[in-house]
Engineer: 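Can you keep this structure in mind? I'll have questions shortly.
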Amino acid sequence: MRLTVVGCSGSFAGPASPASSYLVQAEHQGRTWSIVLDLGNGALGPLQRHVDLAELDAVFISHLHPDHCVDVCGLYVTRKYRPSGPVEGQLPVHAPSGAAERFALMYHGLEHGGMTNEFAVHELADTQVSHVGPFAVTAYRVNHPVEAYGFRVEADGAVIAYTGDTDTCEALRPLLTGADLALTDSAFVDGRDDSQGVHLSGGRAAAAAVAAGGVRRLVLTHIPPWNDPEQCRAEAAAIWSGPLDLACQDATYEVGGST
């Protein structure tokens with residue numbers, strides 16, 4: 001699989017990156033299959049550098065905060081209003097409960113259910129497995145103030161684990177165990193951010209990866225622009241001794257084999 005960081009800024013778009021969005025691709029049956037994990041504010045623009053939007057095979061939305069889903073509205077426009085005519089068929093969008101109504105409300109004036117010709121919205125559930133071409137995507141309910149999921153993406157023996165937004169929880173163990181690459185929320189700073197049930201810190205993300213076991217590479221993401229990324233890295237490095245990266249826009253990882 002190939003993972004491309006489309007956007008990785010935490011909570012809102014920053015000067016160096018839009019908000020959360022990750023493109024996962026794999027070759028299968030003679031073509032490239034493409035899925036997107038989250039479409040936060042500002043992500044739709046740079047996503048077009050990496051894939052033709054009409055050729056996306058599915059979108060997975062971890063939760064319904066704007067920094068993870070609001071650019072679904074722009075994707076709707078690209079499918080419905082192309083000068084050459086609407087994109088044929090419905091794009092599968094896997095999202096928490098109430099997503100179809102939320103998307104329609106975000107697009108001012110759109111009639112209820114007005115996106116149904118473009119999107120087939122499927123509600124997520126804990127441990128639910130969705131199959132898209134070569135991908136098996138398992139959703140795990142995680143620890144955030146709203147209904148939220150992490151995604152474990154598997155194809156050809158390779159595993160990408162994406163926590164979405166979460167604090168420490170039991171679901172992180174099956175989500176992360178044995179992942180070739182773990183893409184982890186690291187929005188909080190240890191000793192500064194005391195709220196529970198919202199986000200991981202670099203240190204807590206590293207601890208979750210260690211506890212899960214078998215993680216080959218840790219990539220820290222969802223760091224807000226007001227945080228120092230190097231502080232986040234240092235917190236994680238005090239616990240995690242393996243390969244460690246800070247997510248950055250347009251970074252690409254070949255996952256599986258020599259990750």
Engineer: Does the side chain of Val153 come within less than 4.5 Å of Tyr162's, by heavy atoms?
Structural biologist: no
Engineer: Measuring only between side-chain heavy atoms, which start at C-beta, is Ser186 closer than 4.5 Å to Glu235?
Structural biologist: no
Engineer: CZ of Arg141: more than 12 outside heavy atoms within 6.0 angstrom?
Structural biologist: yes
Engineer: Do Arg49 and Thr4 come close enough that some side-chain heavy atom pair is under 4.5 Å?
Structural biologist: no
Engineer: Let's go through Asp190 and Gln231 carefully: what are the C-alpha distance in whole Å and the side-chain angles of both, what is the deciding distance for side chain to side chain contact (heavy atoms under 4.5 Å, CB included) to 0.1 Å, and is it a yes or a no?
Structural biologist: CA-CA 10 Å; Asp190 287 330; Gln231 181 176 358; over 6 Å; no
Engineer: Looking at every non-hydrogen atom in both residues, tell me the closest pair between Gly178 and Val159 and how far apart they are.
Structural biologist: O-CB, 4.3 Å
Engineer: Within the side chain of Trp33, is there an N or O that forms a donor-acceptor pair under 3.5 Å with the backbone of His28?
Structural biologist: yes
Engineer: Kindly give the heavy-atom pair with the smallest separation between Glu147 and Ser97, and that separation in Å.
Structural biologist: OE1-OG, 2.6 Å
Engineer: What verdict does the salt bridge (Lys or Arg N to Asp or Glu O under 4.0 Å) test give for Asp193 and Arg204, after you've listed the backbone C-alpha separation in whole Å, the side-chain angles of each residue and the deciding distance to 0.1 Å?
Structural biologist: CA-CA 12 Å; Asp193 301 312; Arg204 292 204 294 274; over 6 Å; no
Engineer: Dump the intermediate steps for side chain to side chain contact (heavy atoms under 4.5 Å, CB included) on Arg2 and His50, then the final yes or no.
Structural biologist: CA-CA 11 Å; Arg2 181 168 62 254; His50 303 287; over 6 Å; no
Engineer: Might you point out which heavy atoms bring Asp167 and Ser195 nearest each other, and give the distance in Å?
Structural biologist: OD2-O, 4.3 Å
Engineer: Side-chain donor-acceptor pair under 3.5 Å between Asp185 and Thr166, yes or no?
Structural biologist: no
Engineer: Let me know which of His144, His222, His199 forms a ring-ring contact (aromatic ring centres under 6.0 Å, His included) with His65.
Structural biologist: His144
Engineer: To check you understand the geometry: which heavy-atom pair defines the closest contact between Val129 and His131, and what is its length?
Structural biologist: CG1-NE2, 3.6 Å
Engineer: Under a 3.5 Å distance rule, please check whether Asp180 uses its side chain to pair with a backbone N or O of Arg216 as donor and acceptor.
Structural biologist: no
Engineer: Do you know the tightest heavy-atom contact between Pro18 and Ala13?
Structural biologist: CA-CB, 3.9 Å
Engineer: Roughly how far, to the nearest 0.5 Å, is OG1 of Thr32 from CD of Glu55?
Structural biologist: 8.5 Å
Engineer: With clusters defined by side-chain heavy atoms of hydrophobic residues (ILVMFWY) lying less than 4.5 Å apart, directly or transitively, does Leu53 cluster with Tyr81?
Structural biologist: yes
Engineer: Measure the CD-CZ distance between Glu88 and Arg79 for me, rounded to the nearest 0.5 Å.
Structural biologist: 10.5 Å
Engineer: CG of Leu23 to CG of Asp38: how many Å apart, nearest 0.5 Å?
Structural biologist: 12.5 Å
Engineer: Cluster question for you: counting only ILVMFWY and a side-chain heavy-atom cut-off of under 4.5 Å, with indirect links fine, are Val24 and Leu175 together?
Structural biologist: no
Engineer: How far does CZ of Arg82 sit from NZ of Lys80, to the nearest 0.5 angstrom?
Structural biologist: 13.0 Å
Engineer: Could you give me the CA-CA distance, side-chain angles and deciding distance for Arg217 and Tyr253, then say whether side chain to side chain contact (heavy atoms under 4.5 Å, CB included) is met?
Structural biologist: CA-CA 10 Å; Arg217 179 179 295 274; Tyr253 296 87; 3.9 Å; yes
Engineer: Considering the options Thr163, Leu183, Val142, Val137, which one meets the side-chain contact (heavy atoms from CB on, under 4.5 Å) requirement together with Phe151?
Structural biologist: Val137
Engineer: Tell me if a side-chain donor or acceptor on Asp67 pairs with a main-chain N or O of Ala19 at a distance below 3.5 Å.
Structural biologist: no
Engineer: Decide whether Tyr140 and Phe60 are clustered together by the hydrophobic rule: side chain heavy atoms of Ile, Leu, Val, Met, Phe, Trp, Tyr closer than 4.5 Å, transitively.
Structural biologist: no
Engineer: May I have the step-by-step check of side chain to side chain contact (heavy atoms under 4.5 Å, CB included) for Leu75 and Phe119, ending in yes or no?
Structural biologist: CA-CA 10 Å; Leu75 182 61; Phe119 297 144; 4.2 Å; yes
Engineer: Taking Asp156 for its side chain and Ala158 for its backbone only, find out whether a donor-acceptor pair lies under 3.5 Å.
Structural biologist: no
Engineer: A side-chain contact here means heavy atoms from C-beta on lying under 4.5 Å apart; do Glu230 and Leu246 qualify?
Structural biologist: yes
Engineer: Pro66 versus Phe12: any side-chain heavy-atom pair under 4.5 Å?
Structural biologist: no
Engineer: Is there side-chain contact between Leu200 and Phe188, with at least one heavy-atom pair below 4.5 Å?
Structural biologist: no
Engineer: Answer whether the closest heavy-atom distance between the side chains of Val189 and Ser201 falls below 4.5 Å.
Structural biologist: no
Engineer: Taking the six-membered ring where the residue is Trp, are the ring centres of Phe103 and Tyr76 under 6.0 Å apart?
Structural biologist: no
Engineer: Can Val215 be reached from Ile239 by stepping across I, L, V, M, F, W or Y side chains whose heavy atoms are under 4.5 Å apart?
Structural biologist: yes
Engineer: Distance check, rounded to the nearest 0.5 Å: Thr221 atom OG1 versus Leu218 atom CG?
Structural biologist: 11.0 Å
Engineer: State, with a plain yes or no, whether a side-chain heavy atom of Ser62 is found less than 4.5 Å away from one of Leu37.
Structural biologist: no
Engineer: About how many Å separate CG of Asp71 and OG1 of Thr78, when rounded to the nearest 0.5 Å?
Structural biologist: 10.5 Å
Engineer: Mind listing the closest non-hydrogen atom pair of Ile61 and Pro96 along with its distance?
Structural biologist: O-CD, 3.3 Å
Engineer: Tell me whether Trp240 shares a hydrophobic cluster with Leu172, the cluster being built from Ile, Leu, Val, Met, Phe, Trp, Tyr side chains joined at under 4.5 Å.
Structural biologist: yes
